[in-house]
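The structure under discussion appears below in the form of C-alpha cells.
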Amino acid sequence: MTDLHRLSIRELAEGLSQAKFSSRELTEHYLQRIAKIDSQVKSYVTVTPEQALAEADAADAALKAGNATALTGIPLAHKDIFCTKGIKTTAGSKILDNFISPYDATVVEKTKAAGLVTLGKVNMDEFAMGSTSESSYVGATSNPWALDHVPGGSSGGSAAAVAADLAPFATGTDTGGSIRQPASFCGLTGLKPTYGRVSRFGIIAYASSLDQAGPMARSAEDCAYLMNVIAGHDAKDSTSVKKEVDDYVANLSNTSLKGLRIGIPKQYFNVVGLDADVKARVKESLKKLEEMGATLVEIDLNMTEAYVPTYYLIAPAEASSNLSRYDGVRYGHRCENPADLMDLYKRSRSEGFGPEVQRRILIGTYALSAGYYDAYYVKAQKVRRLIQQDFLKAFENVDVIAAPSAPTTAYKIGANLSPTEMYLGDIYTLAVNLAGLPAINAPVGFDKDSLPVGLQLIGNYWSESQLLSIVHQYQQNTDWHTKRAAIAEENA
Ligand code: GLN
C-alpha cells in the first residue's frame with residue numbers, strides 16, 4: 001500500500017485491527033516520507049526511527065495478541081515542548097539543546113500507554129513564544145501549502161508535519177493560540193481544550209495559568225481520537241481537573257445543529273487588519289452552519305481591545321518566573337569560562353535565549369517588580385477577570401461563539417513583523433486562554449493565494465465534545481479538511 005498517509009485515524013485503526021497492514025509497515029511508510037520530504041518542510045527537530053520501529057513491533061505484537069487499544073500502532077509526532085524520556089527536548093531553545101529529560105510528560109506517557117508510536121519531535125517557536133515558528137533556534141519550518149511561508153506558531157512543526165502527511169496527527173500546546181493559529185495557517189483542525197482538561201505535567205512551562213495541550217489533525221474526528229487518549233485528571237498537575245472525561249469519538253454526532261445558537265461578536269469582524277478573504281471565508285462557513293440548522297446571533301464582547309495588552313503582560317510575567325530556572329547551573333547551556341557566578345548567569349542566559357524570549361523576560365520582570373506590580377500585573381489580572389465575565393455573559397444567550405482564528409492567512413518567512421504587529425495577529429486567540437475556555441479551529445477555504453483560512457469556534461467550559469461534534473458535522477457536509485497541501489500532493 002502506498003497511500004497509507006491518506007488514511008484517517010479511524011481508517012488506520014480499522015486497517016491495523018483487520019491486519020490489512022502492520023504498524024511496522026505504517027511506521028516505515030511515515031519514516032520514509034519524512035526522509036524524503038522533510039528536508040523541504042523542516043518540521044521535525046528530532047526523528048526517532050529506532051524507537052519508533054521498536055514501538056511499532058510492540059504494537060504489532062499487542063494487535064496479534066488481542067490486547068490492543070483503539071489506536072495501537074498508529075504513529076504521531078510530539079511538539080518538542082513535551083518531555084520525552086531518553087529523547088532530546090529542546091522547546092526550540094539553544095538553552096536546552098542538550099537536554100534529555102529523565103521522564104515522560106503525562107501526555108507522552110498516555111500516548112505510549114495507548115500504543116501510539118512516536119515518530120519524533122517537531123519544531124516550535126522558542127519556549128512557545130511566537131506565531132511563526134521562526135524563533136526556534138534550529139531555524140524556520142515551512143508551510144506545506146507554500147514553502148516560502150510560515151506554518152504559524154508556536155506549534156508550527158506539528159501543523160506542518162500533519163499538513164505535509166509526515167504524521168497522521170500531532171500534539172500541540174496553546175498558551176495564546178499556538179494550536180489554533182498554526183492549524184488555521186496549515187488547513188488543519190486543532191483543539192485547545194478547557195484549562196485543566198489535559199495534564200501540563202512534563203510540558204516545558206511558558207505561562208502556567210494559560211498553557212494547555214491539545215490535538216492537531218486533519219479532522220475533528222481525528223482530533224477526537226487523540227483527545228480520548230490525552231484528556232483527564234493527573235495527580236502530578238494540581239491544575240488538572242477531576243472531572244469525568246467524555247468519549248469524544250462516541251459523541252461526534254451528538255450535538256444537534258438544529259437551533260444551535262452561534263454568537264457572532266460584532267467587535268471581532270471590525271478589527272483593523274482583518275483580511276477581506278479571511279472575513280469572507282469565515283462568513284461563508286457560518287452561512288453553511290446556518291443552512292445546517294444553526295441560528296446566528298449577533299453579540300457584544302466589549303473587552304476585545306483589552307485582549308492583546310492583558311495577555312502580553314500576564315504571559316511574559318509568568319514566563320519570566322518560569323524561565324528563571326535556566327541559569328546555566330543545573331542544566332542547559334552554560335557559557336565558557338565564567339569569571340564568577342554573576343557572569344555565569346548573565347552570559348549563559350544571554351547566549352542561550354533568543355531575542356524574543358529575552359524581550360519577554362524583560363517585560364515580565366519589569367511588570368512584576370516592586371513598585372510596578374500593582375500598576376501592571378495586578379491590573380492585568382483584574383482585566384483578565386472582566387474578559388472572562390464578558391464571555392460568561394455571552395454564553396447566557398449563545399451556545400458557541402464564532403471568530404476567525406487569525407486576522408490573516410500565513411505570511412512569508414522573514415516578513416520580520418515588529419513585535420507589536422506580531423502580537424496584534426493574536427487578537428482572536430488570546431482571550432480564550434485568559435478565560436480558560438476551549439476553542440477549535442476548522443479549515444473553511446482558501447484566500448486568493450490558495451492559502452488556508454480557519455474558522456474558530458469558542459465553547460463554554462468543558463464543551464470539547466460539542467465543539468468537535470459541530471466541526472465534525474460541518475466536515476461531513478464540506479470537503480475543505482480533505483484538501484492536501486501542494487507538497488503532499490506532489491508526493492502522494
Ligand atoms: N503567539 C502567542 C505568544 O507568542 C501565543 C503562543 C502560544 O500559544 N504558545 O505568546
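Keep in mind it's a predicted model, so treat the numbers as computed, not measured. Order of appearance sets the numbers: ligands from 1, and atoms from 1 within every ligand.
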| field | Evaluation steps, salt bridge (charged side-chain N to carboxylate O under 4.0 Å, His left out), between Glu109 and Lys236 | value | CA-CA 12 Å; Glu109 211 174 80; Lys236 293 187 203 137; 3.7 Å; yes
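Protein residues with any heavy atom under 4.0 Å from ligand 1: Ala128, Met129, Gly130, Ser131, Ser154, Asp174, Thr175, Gly176, Gly177, Ser178, Tyr206, Tyr311, Tyr312, Arg360, Asp426.
Seen from the ring of Phe269, Lys283 counts as a face-on cation partner, given the 6.0 Å and 45° thresholds.
Ionic pairing of Arg281 and Asp447 is not present here: no N-O contact between side-chain nitrogen and carboxylate oxygen is shorter than 4.0 angstrom. Using a 4.0 Å cut-off between charged nitrogen and carboxylate oxygen, Asp327 and Arg349 do not count as a salt-bridge pair.
Partners of His472 according to the side chain to side chain donor-acceptor pair (under 3.5 Å) rule, which considers only residues two or more places apart in sequence or in another chain, are Gln476.
Classification of the Tyr311-Tyr206 ring pair by plane angle, with boundaries at 30° and 60°, yields perpendicular.
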